[in-house]
Structure formats: structure tokens, C-alpha cells
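None of these values were measured; they are calculated from a predicted model. Only heavy atoms go into these numbers, but all of them, side chains included; no hydrogens, no water, no symmetry mates. All ligand and atom numbering here is 1-based and tracks the order in the structure. Nothing fancy with the numbering, it's 1 onward along the sequence.
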Amino acid sequence: MLLNLLLLQCRAGFESECAAEFMQHCVDVGQSGFPRFDAQSGFVLFELYGDALAVIQAVSFRSLIFTRQWCACLPPFEQLPADDRLSVLLPAMTELPVCAELLAEVPDTTAGRELLPFAGKLASAMAQRLRQQGVMLPRKARADWRMHLFVLSGRHLLLGVSPRRNGSTLEMGIRRLKFPGAAPSRSTLKLEEAWHWFVPRAEWDARLGGGKTAVDLGAAPGGWTWQLVRQGMFVSAVDNGPMAESLMETGQVTHHREDAFGFAPGKPVDWMVCDVADKPARVAELMLQWALQGWCQEMIFNLKLPMKKRYQAVQQCLEEIAEGLEAAGIRFQLSARHLYHDREEITCHLDLRVS
Ligand SMILES: C[S@@+](CC[C@H](N)C(=O)[O-])C[C@H]1O[C@@H](n2cnc3c(N)ncnc32)[C@H](O)[C@@H]1O
């Protein structure tokens with residue numbers, strides 16, 4: 001069966017950004033289609049004119065900012081019998097490529113999250129039966145595809161697959177992190193999640209550890225600085241606001257009560273992170289300046305999104321940075337992600353070590 005439906009999961013309220021971005025990527029790989037979504041639903045259904053299995057392999061998942069998780073789907077199941085769902089679902093699943101795992105997913109909304117226990121139970125019952133029938137491989141086996149069950153109600157759901165190497169390993173693409181009680185603010189989770197996404201775990205020691213130096217712009221009260229200190233870094237924290245006393249007592253933090261837009265480090269640092277609450281274009285310009293000056297090796301920064309035309313604003317900021325660096329002949333890797341712990345903002349990573 002030709003699959004022509006793609007499910008894109010996103011943060012509720014960002015469906016139009018998710019759809020517009022995916023539409024652009026589809027065009028880039030020579031495909032077309034149209035999105036369907038309800039505002040605040042937390043997902044987009046993208047109907048393709050071509051083969052969804054081909055598109056989901058051609059578009060790079062990591063290049064998408066607003067899509068948290070995705071899969072190529074069978075036509076929706078809309079009237080499932082409540083007393084025997086498996087008799088309808090199991091035969092249909094044999095139409096999908098062979099998988100070794102099944103992720104239980106729901107829209108990340110208040111109503112959706114209430115369905116999570118049901119989705120989990122249904123997914124384990126399905127996986128068990130499929131393994132008994134030899135349709136699904138044992139959990140530890142290597143398969144090229146991962147199966148998804150996306151539950152919208154007891155009678156309405158989607159079934160699909162994503163490439164194991166081109167998607168999120170996490171259910172609903174959500175990185176759940178425990179808030180470290182000693183951190184001065186919940187913002188701390190944004191930087192921790194950013195590292196999980198942008199820095200492969202095997203490289204953490206080399207890239208984050210070993211007494212590196214860092215600048216934290218817009219640092220107060222210190223949630224991001226806390227993460228940097230935890231990695232053993234020595235941090236210049238720039239903010240007119242107060243930093244948490246506990247951080248200052250570590251001896252690893254110097255507090256500069258200055259304007260981030262006028263701050264220059266005495267000498268280049270390994271990392272610069274920036275969570276300054278300001279217009280995204282202004283922050284992008286500041287990031288470009290840091291890169292052009294060669295003041296850091298890597299940076300992670302937040303772009304606070306405007307109320308309207310959020311996708312265009314993101315594109316403009318990223319283009320401005322990329323064009324500025326290209327014009328200067330500086331090699332770089334720039335990527336961005338709407339992280340689970342981001343709200344009206346996205347997080348970007350600029351890697352200048354490739355120069
Ligand atoms: C979202 S908060 C940062 C939270 C911090 N990352 C944390 O984890 O605790 C934004 C900060 O940006 C600071 N800020 C805004 N404009 C600034 C500027 N021009 N220079 C320095 N700091 C600025 C504010 O004082 C505020 O503390």
C-alpha cells in the first residue's frame with residue numbers, strides 16, 4: 001500500500017510553523033502536498049502527492065525546528081470497535097515495514113496527555129501480539145524502522161513508521177528531564193536539553209568538561225550558569241540582575257553587572273550561551289558579532305519569538321547569521337530546535353570549531 005500521509009508532532013500552538021517549515025522542506029526534496037491541522041492540537045497531518053515513506057527518508061529530521069516527532073501513516077482509524085481494536089489494527093500493521101519497537105504517543109495537550117495510559121496499554125498489547133505472530137522483531141533486534149501509535153481517542157488513532165536513523169528515539173519527541181533542585185531557575189532545563197540535542201553524549205566530556213571557560217549572557221538568576229558550573233566550567237555571568245548566592249560561592253563564577261550588548265570577553269572562551277530576553281533580530285546580530293570576532297568556539301542561544309510571523313522571523317535571523325559568516329569566509333554549523341522546555345522561543349547552536 002502506498003502511504004501518503006505524514007504525522008508531524010509539535011508543541012500546541014505551533015502547528016502553522018510546523019506546517020510551513022515542512023512544506024518548505026518538501027519542496028526542497030522535489031515533493032509536494034498540503035497540511036491539515038487544528039489550532040492548538042499539537043500535530044499536523046501532511047497529505048503528500050507522493051510516497052510518504054520516500055519523503056520521510058529524504059527530509060532530514062534534524063533540520064526541522066518545529067517538528068518534535070514524525071511518522072508516515074496508514075489512513076486514520078476513525079471508528080475502531082471499542083471491544084476489539086486489535087482485530088482491526090493488527091492486520092493493517094502488516095502493511096508497514098518491519099519494526100522492533102512501538103512508541104505510544106498522543107498529542108501533547110491537556111486532553112491528549114490524559115490518553116497516555118490508554119495508549120501505553122494498547123501499544124504493549126499490540127507489540128506483544130505482533131511479536132507472537134512474528135510481524136514485529138524482538139525489542140533488541142535491529143530494524144530500520146520504528147513504529148508509532150498515535151492515539152486521538154479510544155476509537156480514533158493513527159499508526160505509522162519512522163526511519164530509525166531519521167527521527168526521535170523518544171516518545172512524542174519529548175526529552176523529559178528532572179528539575180535539579182539546587183538550580184536557581186527552571187530555565188536550567190533548556191540548556192540541559194539543548195546539550196542533549198546538539199551535543200552527542202559521547203562527546204560531552206571532550207566538549208563540555210575539563211575546566212572549560214564560558215560566558216553566560218542574560219545569566220540571572222543562574223539556571224544556565226548552574227549547568228555550566230556543573231560541567232566544571234569557569235563562567236563570566238553577564239546580567240544586571242542578581243545571581244544566586246550559591247553559585248557565586250562555587251568560586252567558578254564572575255558576575256559582570258553589564259549590558260550583554262556591550263560586553264566583550266577579555267580573551268576567547270570555549271562556550272558562549274545567551275538567554276537574553278530581547279528582540280530576536282537584535283540577539284542574532286549579537287551572536288554574529290561574537291562569531292565574527294572569534295570570541296568563542298561554540299554557542300547556544302535562545303531566540304524569543306514574536307507574536308506574529310514567527311517562522312519568518314526565525315528564518316530571517318538564521319539567514320542573517322549564516323550570510324554574515326559566509327561573507328567573512330568562516331566555516332560553521334548552525335542548527336535550531338524548538339525544544340520541549342522552550343515556550344515562545346527556539347534554541348540555536350552555532351558550532352565554529354569547523355573553521
Ligand atoms: C530569561 S532570563 C535568563 C534566565 C537565565 N538563563 C537562567 O537560567 O536563570 C533573561 C535575562 O536576560 C537579562 N537581560 C535582558 N536584557 C539584557 C541585557 N541587555 N544585558 C544583560 N542581560 C539582559 C534579564 O535581566 C534576565 O535576567
Problem set entry | Protein heavy atom at shortest distance from atom 22 (N) of ligand 1 |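 Among all protein heavy atoms, the one nearest atom 22 (N) of ligand 1 is G218 CA, 3.7 Å.
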
Exercise. Tell me: protein heavy atom nearest atom 24 (C) of ligand 1, and distance?
Worked result: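 Checking every protein heavy atom, the shortest distance to atom 24 (C) of ligand 1 gives D239 OD2, 3.6 Å.
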
Is there a polar contact, in the sense of an N or O pair closer than 3.5 Å, between [X] and ligand 1?
X	answer
S185	yes
A220	yes
D259	yes
W224	yes

Problem set entry | hydrophobic_cluster_shared for L7 and L48, side chain cutoff 4.5 Å |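 No; L7 is not reachable from L48 via cluster members.
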
Is the shortest distance from a Lys or Arg side-chain nitrogen in [X] or [Y] to a carboxylate oxygen in the other one below 4.0 Å?
X	Y	result
K309	E17	no
R337	E193	no
D275	K190	yes
R11	D342	no

For this session: May I ask whether G241 places a heavy atom under 4.0 Å from ligand 1?
Result: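 The answer is no, since G241 has no heavy atom less than 4.0 Å from ligand 1.
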
Exercise. Please walk me through it: do V276 and R282 pass side-chain contact (heavy atoms from CB on, under 4.5 Å)?
Worked result: CA-CA 10 Å; V276 164; R282 198 164 177 236; over 6 Å; no

Exercise. Who gets closest to atom 23 (C) of ligand 1 by heavy atom: V276, L191, L217, L247?
Worked result: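 That would be V276.
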
Problem set entry | From V273, N240, D275 - option closest to atom 10 (C) of ligand 1 by heavy atom |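 Comparing heavy atoms across V273, N240, D275, the nearest one to atom 10 (C) of ligand 1 lies in D275.
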
For this session: Please confirm whether the backbone N or O of M233 pairs with a side-chain atom of Q252, one donor and one acceptor, at under 3.5 Å?
Result: yes

At a non-hydrogen distance cut-off of under 4.0 Å, which region of [X] contacts ligand 1 (side chain, backbone, both, or neither)?
X	answer
F261	side chain
E258	backbone
A260	both
P184	neither

Which of the numbered atoms in ligand 1 are under 4.0 angstrom from any heavy atom belonging to [X]?
X	result
P221	9 (O)
G222	7 (C), 9 (O)
G223	7 (C), 8 (O), 9 (O)

For this session: Would you confirm whether the ring centroid of W204 sits within less than 6.0 angstrom of the ring centroid of H196?
Result: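 Yes: the rings meet the under 6.0 Å criterion.
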
Problem set entry | H156 and F77 aromatic centres sub-6.0 Å | no

Could you list the donor-acceptor pairs under 3.5 angstrom formed by side chains in residues 49-57, with sequence neighbours left out?
unit_1	atom_1	unit_2	atom_2	d
D51	OD1	L53	N	3.0
Q57	NE2	L53	O	2.9

